[in-house]
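Everything below concerns the one structure shown next.
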Amino acid sequence: MTALLALMMAGQLLLASIQQGNPRGLRLWALAQASIGLAFGLALPEPRQPLASWLIVGGSALIVLGLALQWQGLRSFYARPYMWWPVLLSLGLALLGNLWFAILAPNVLYRAIFNSLLMGTWSLLCAHAALRAPAPPSIAAGLTGAAFLGLALLFFVRLLYLLTAAPPDYGLYARISLNPIMQFLLSVLQMILVSSFMLMVHTRITNDLNHLASSDGLTGARNRRSLEERFARWQTLELRKGGILSLLLIDIDHFKHVNDTYGHPAGDAVLCAIARLGQTMLRKHDTFARYGGEEFCVLLPATNETEAASLAERFRLAVAACVHPNENPALPLTISIGVACSNEVGDEFSQLLQAADDALYHAKRNGRNRVVAFSSLP
């Protein structure tokens, strides 16, 4: 049953990897499940058969290989570099150890101790790989890590049993309650592991799709749709509490001249540089977005017009100091910024945007490279 379940889960993972365009780590996990399923399949022959010892060697090595491939799949999922030497080293150890204790110097007890230690160690490594996420771990990653910790506990409890209470005739086919319990728990934990890893993949794909839907493809900043969603969220959560919000509308001065003179790749590089600068200068709860063409828009919650104008001026100076078309320091670029605040013009997005656009128009008519607040307009 364990062998069939593992092979069925391997097929499920393989089909999912084909369907989803092979997300990172999924095919490695499919190969790992196939290895584990084959290992349990090799354990079916009775021990009196001539090839039984060799099947035990191969089956034990395949389980170790399966755990190592799951570890490698988790590293791949988190975009960490491949490390094949631990996989190959542990596979070699598994083959040599089981060859020694199964054929050259047969000892069932020592072989079981050796395998429990090796498999428990790999389970701990897998748990560490699952929980050491580059971002705060998701529920799925936590479940995967917990399942591997349970697997490690299972192997080490078996190891403790073998060291302290194993009868002299201990064997896989001996009538010892530990063996069927181990088989059952291994099956359950493997099903949990596959399900939780599939959930990790699903969460990653969903997050990637959400990011694509809410971000500008060129600059990586938020797009107009995401900007309006963040404003609607502010209206829902903060407006009733008397919160205020300021909006900056930013336009690159003479951007058409940059494209015409240096080419569109240079213009794209300028847009990306301004987006990176904007996202690093602003506060965590601010929203920086590309609004269209060479225009950017910034939402500043809990910020009055004076504070917003001060931040806009710092951003204007930073752009003039470090953003250059064609990466030429002798050719600085400038921006113009219009500022509007909800307590001055109203708390609808269209009102704020129109007011900031009026202020921006005034800034461009009066020489560009400046910040103008809506309240200062004549």
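All residue numbers in this chain count up from 1 along the given sequence. Owing to the predicted nature of the structure, the values given are computational and were not obtained by experimental measurement.
- With hydrogens and angles ignored, the 3.5 Å screen pairs no side-chain donor or acceptor of S195 with any backbone N or O of I192.
- With a 4.5 Å cut-off on side-chain heavy atoms, F197 and V194 do not count as touching.
- Side-chain atoms of N98 and S60 include a donor-acceptor pair closer than 3.5 Å.
- Side chains of S116 and R158: a donor-acceptor N/O pair is present below 3.5 angstrom, by distance only.
- Following chains of ILVMFWY side-chain contacts shorter than 4.5 Å, one can reach M119 starting from F184, so the two form part of one hydrophobic cluster.
- The CG atom of L159 sits 11.5 Å away from the CG atom of L154 when rounded to the nearest 0.5 Å.
- No side-chain donor-acceptor contact under 3.5 Å links S76 to the backbone of Q72.
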Checking S214 against R222 for the side-chain hydrogen bond (donor to acceptor under 3.5 Å, both in side chains) test, could you report, in this order, the C-alpha distance in whole Å, the side-chain angles of both residues, the deciding distance, and whether it holds? CA-CA 6 Å; S214 63; R222 290 184 179 272; 4.6 Å; no

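- For Q33 and Q70, the side-chain atoms include at least one donor-acceptor pair closer than 3.5 Å.
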Between V298 and L311, does the side chain to side chain contact (heavy atoms under 4.5 Å, CB included) criterion hold? Intermediate values first, please. CA-CA 11 Å; V298 185; L311 189 151; 5.8 Å; no

Side chain to side chain contact (heavy atoms under 4.5 Å, CB included), that's the test. Do L149 and L124 meet it? Break it down for me. CA-CA 6 Å; L149 287 175; L124 284 178; 4.0 Å; yes

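- No side-chain donor-acceptor contact under 3.5 Å links D286 to the backbone of L282.
- Between L99 atom CG and F101 atom CZ the span is 11.0 Å, to the nearest 0.5 Å.
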Would you sort out whether T219 and D216 count as a side-chain hydrogen bond (donor to acceptor under 3.5 Å, both in side chains), showing the intermediate values? CA-CA 6 Å; T219 63; D216 175 60; 2.8 Å; yes

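- Looking at F155 and L118, their side chains never come closer than 4.5 Å, going by heavy atoms from C-beta outward.
- Side-chain contact, R230 with S226: no donor N or O sits under 3.5 Å from an acceptor N or O.
- A donor-acceptor contact shorter than 3.5 Å links the side chain of Y78 to the backbone of A130.
- Between atom CD of residue E344 and atom CG of residue N304 there is a gap of 9.0 Å, rounded to the nearest 0.5 Å.
- Checking side-chain atoms of R75 against main-chain N and O of W71 turns up no donor-acceptor pair under 3.5 Å.
- Using cut-offs of 30° and 60° for the angle between ring planes, the F231 and W234 rings count as tilted.
- With S35 contributing its side chain and L65 its backbone, the two residues share no donor-acceptor pair below 3.5 Å.
- Side chain of S215 to backbone of G220: no donor-acceptor contact under 3.5 angstrom is found.
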N/O donor-acceptor pairs under 3.5 Å from side chains in residues 272-280, not counting sequence neighbours:
from : atom 1 : to   : atom 2 : distance (Å)
Q279 : NE2    : A275 : O      : 3.1
T280 : OG1    : R276 : O      : 3.1
T280 : OG1    : L277 : O      : 2.8

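- Two residues are said to be in side-chain contact when any heavy atoms from C-beta on lie closer than 4.5 Å; L245 and F349 fail this criterion.
- For the pair E305 (side chain) and A373 (backbone), a donor-acceptor distance under 3.5 Å is absent.
- Side-chain atoms of N369 and R316 include a donor-acceptor pair closer than 3.5 Å.
- Atom NE2 of H285 has more than 12 heavy atoms from other residues, nucleotides or ligands within 6.0 Å.
- Residue pairs meeting the side-chain hydrogen bond (donor to acceptor under 3.5 Å, both in side chains) criterion with at least one member in residues 350-360, sequence neighbours excluded, are Q354-D358.
- With a 4.5 Å cut-off on side-chain heavy atoms, L28 and F77 do not count as touching.
- We find that E229 and R225 are joined by a salt bridge, their nearest charged nitrogen and carboxylate oxygen being less than 4.0 Å apart.
- Within the 4.5 Å cutoff, the side chain of L300 has no heavy atoms near those of the L247 side chain.
- No donor-acceptor pair closer than 3.5 Å links the side chain of S336 to the backbone N or O of D251.
- Here CG of L248 is found 9.5 Å from CD1 of I335. Values are rounded to the nearest 0.5 Å.
- Taking the side chain as every heavy atom from C-beta outward, F255 and L271 approach each other to under 4.5 Å.
- When the shell of 6.0 Å around CZ of F156 is examined, it contains more than 12 heavy atoms from other residues, nucleotides or ligands.
- Cluster membership for L26 and L199, using ILVMFWY side-chain heavy atoms within less than 4.5 angstrom, is not shared.
- Salt bridge present: D253 and K364 bring a charged side-chain N and a carboxylate O closer than 4.0 Å.
- Between A213 and N223, the shortest heavy-atom distance links the atoms O-ND2, 2.9 Å.
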V372/L360 under side chain to side chain contact (heavy atoms under 4.5 Å, CB included): CA gap, chis, key distance, verdict: CA-CA 7 Å; V372 174; L360 175 62; over 6 Å; no

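- Both L89 and F114 are members of a single hydrophobic cluster when ILVMFWY side chains are connected at heavy-atom separations under 4.5 Å.
- Closest non-hydrogen pair, G346 versus L352, comes out as O-CG, 3.9 Å.
- Put simply, I337 and L317 are part of two different groups of oily side chains (I, L, V, M, F, W, Y) that touch within less than 4.5 Å, one to the next.
- Side-chain contact check for I250 versus C297: every heavy-atom pair is 4.5 Å or farther apart.
- The environment of W84 atom CH2 is dense: over 12 non-hydrogen atoms of other residues, nucleotides or ligands sit within 6.0 angstrom.
- Between F148 and W29, the ring planes are perpendicular. Angles over 60° get that label, and only those under 30° would be called parallel.
- The CD1 atom of I252 sits 13.5 Å away from the NE2 atom of H257 when rounded to the nearest 0.5 Å.
- The number of heavy-atom neighbours closer than 6.0 Å to CZ of R283, taken from other residues, nucleotides and ligands shown, is above 12.
- Using a 4.5 Å heavy-atom cutoff, the side chains of E348 and Q235 are in contact.
- A 6.0 Å sphere centred on CE of M83 holds more than 12 heavy atoms belonging to other residues, nucleotides or ligands.
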So L151 and L67, side chain to side chain contact (heavy atoms under 4.5 Å, CB included) or not? Walk me through it. CA-CA 10 Å; L151 201 60; L67 289 167; 3.8 Å; yes

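- Formation of a donor-acceptor pair under 3.5 Å by the Q190 side chain with backbone atoms of S187 is not found in this model.
- Going from atom OG1 of T287 over to atom CZ of R233 covers 8.5 Å, rounded to the nearest 0.5 Å.
- Pairing each heavy atom of T303 with each of P301, the nearest pair is OG1-O, 2.9 Å.
- Put simply, L96 and L62 are part of two different groups of oily side chains (I, L, V, M, F, W, Y) that touch within less than 4.5 Å, one to the next.
- Ring to ring, F296 and Y291 are not that close: their centroids are 6.0 angstrom or more apart.
- For the pair A68 and S90, the tightest heavy-atom approach, listed with the atom from each and the gap, is CB-OG, 4.2 Å.
- Contact between V57 and A102 at its shortest, heavy atoms only, is CG2-CB, 3.9 Å.
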